[in-house]
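Position 1 is the first residue of the sequence; numbering continues from there.
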Amino acid sequence: MAKDKPTQEQDNNTGVPFLNAYGNITKALNNIINASTPQRFTHDFLETKLNLKGGSARPIIPFLKRTGFLNSDGSPTELYKRFRNEASRKSSAAEAVRKGYSTLYEINEYVHDTSDVDLKGVIVQATGLSTDSGTVKGMVGSFKALKAFADFEPTSADDIGEGDIFEEEAPAESGKKKVTLGKPVDLNLGYTINLNLPATSDVAVFDAIFTSLRKHLLDE
């Protein structure tokens with residue numbers, strides 16, 4: 001066997017987890033979502049509950065350990081459990097990618113956004129393998145299989161605290177801004193106007209007073 005083609009059992013030496021049959025990663029993760037969480041993730045669980053049989057599926061367990069889904073004794077981690085929750089699945093998968101492929105992130109912190117060509121280049125740089133290595137192909141495929149479940153952008157709702165201050169621009173014609181502190185609060189303001197009317201019986205005087213009042217105060 002060529003030196004640049006380590007077996008899947010030797011992938012710890014490269015720092016980049018992978019499966020040659022990386023399609024099994026997609027199958028395993030999809031089945032993990034639907035299957036109940038085991039006390040320990042064993043080969044029997046893999047074959048019986050996830051319906052992944054044969055030698056090509058067995059490297060899934062060390063892959064899940066390397067990416068943070070399983071503890072060293074095969075017990076599911078909190079990351080595993082959060083991945084099964086639809087609300088936190090994508091962020092959990094992103095965490096698993098960063099954990100399992102930390103070697104690649106040391107070279108490019110946005111490696112998940114790179115093209116296949118650039119991803120391959122980062123892997124070659126990190127592992128020292130040749131560009132035409134079958135192992136590199138397996139690493140690229142494994143990285144992409146896990147990344148397909150992930151979302152690396154933070155959810156805006158998760159970043160907004162209840163006490164945060166937001167400014168929302170009012171329509172352009174008003175030229176005013178509305179400021180909300182935390183949760184919206186209904187606030188009604190009122191005022192009282194006291195008038196000292198002159199002692200007169202001339203109706204025109206009262207008409208002028210109330211016309212001016214409406215023009216300068218009530219219509220504002």
Would you check if the side chain of [X] reaches a backbone N or O of [Y] as a donor-acceptor pair within less than 3.5 Å?
X: Ser142; Y: Tyr22; answer: no
X: Lys65; Y: Leu70; answer: no
X: Lys90; Y: Phe152; answer: no
X: Ser75; Y: Asn71; answer: no

To the closest 0.5 Å, what do you measure between [atom1] ([X]) and [atom2] ([Y])?
X: Arg66; Y: Lys99; atom1: CZ; atom2: NZ; result: 10.0 Å
X: Lys27; Y: Leu52; atom1: NZ; atom2: CG; result: 7.0 Å
X: Asp118; Y: Asn108; atom1: CG; atom2: CG; result: 8.0 Å
X: His43; Y: Leu50; atom1: NE2; atom2: CG; result: 12.0 Å
X: Leu146; Y: Leu29; atom1: CG; atom2: CG; result: 6.5 Å
X: Asp151; Y: Ser88; atom1: CG; atom2: OG; result: 12.5 Å

Testing the basics here: between [X] and [Y], what is the closest heavy-atom pair and its distance to 0.1 Å?
X: Arg84; Y: Thr37; result: NH1-OG1, 3.2 Å
X: Gly68; Y: Thr77; result: O-OG1, 2.6 Å
X: Thr26; Y: Phe149; result: O-CZ, 3.9 Å
X: Pro17; Y: Phe63; result: CB-CD1, 3.8 Å
X: Arg58; Y: Glu47; result: NH2-OE2, 4.0 Å
X: Ala126; Y: Thr103; result: CB-CG2, 3.8 Å

Arg82 vs Ser92, test: side chain to side chain donor-acceptor pair (under 3.5 Å). Steps then yes/no. CA-CA 6 Å; Arg82 285 191 284 112; Ser92 299; 3.2 Å; yes
Side chains of Lys49 and Asn51: any donor to acceptor distance under 3.5 Å? no
Consider only side-chain N and O atoms of Tyr101 and His112, and report whether a donor and an acceptor are under 3.5 Å apart. no
Walk me through it: do Lys144 and Asp116 pass the test salt bridge (Lys or Arg N to Asp or Glu O under 4.0 Å)? CA-CA 9 Å; Lys144 291 176 63 179; Asp116 288 359; 2.9 Å; yes
For the residue pair [X] and [Y], establish whether any side-chain heavy-atom pair is separated by less than 4.5 Å.
X: Pro38; Y: Pro76; answer: yes
X: Ser56; Y: Asn24; answer: yes
X: Leu19; Y: Ile25; answer: yes
X: Leu104; Y: Ile123; answer: yes
X: Val111; Y: Phe143; answer: yes
X: Tyr80; Y: Phe41; answer: yes
X: Val136; Y: Val124; answer: yes

For a side chain to side chain donor-acceptor pair (under 3.5 Å) check, start with the C-alpha distance between Thr48 and Asp44, then their side-chain angles and the critical distance, and finish with the verdict. CA-CA 6 Å; Thr48 305; Asp44 287 340; 5.6 Å; no
Could you tell me whether Glu78 and Lys81 have a side-chain N and a carboxylate O separated by less than 4.0 Å? yes
Angle between ring planes, Phe83 versus Phe69, binned at 30° and 60°: parallel, tilted or perpendicular? perpendicular
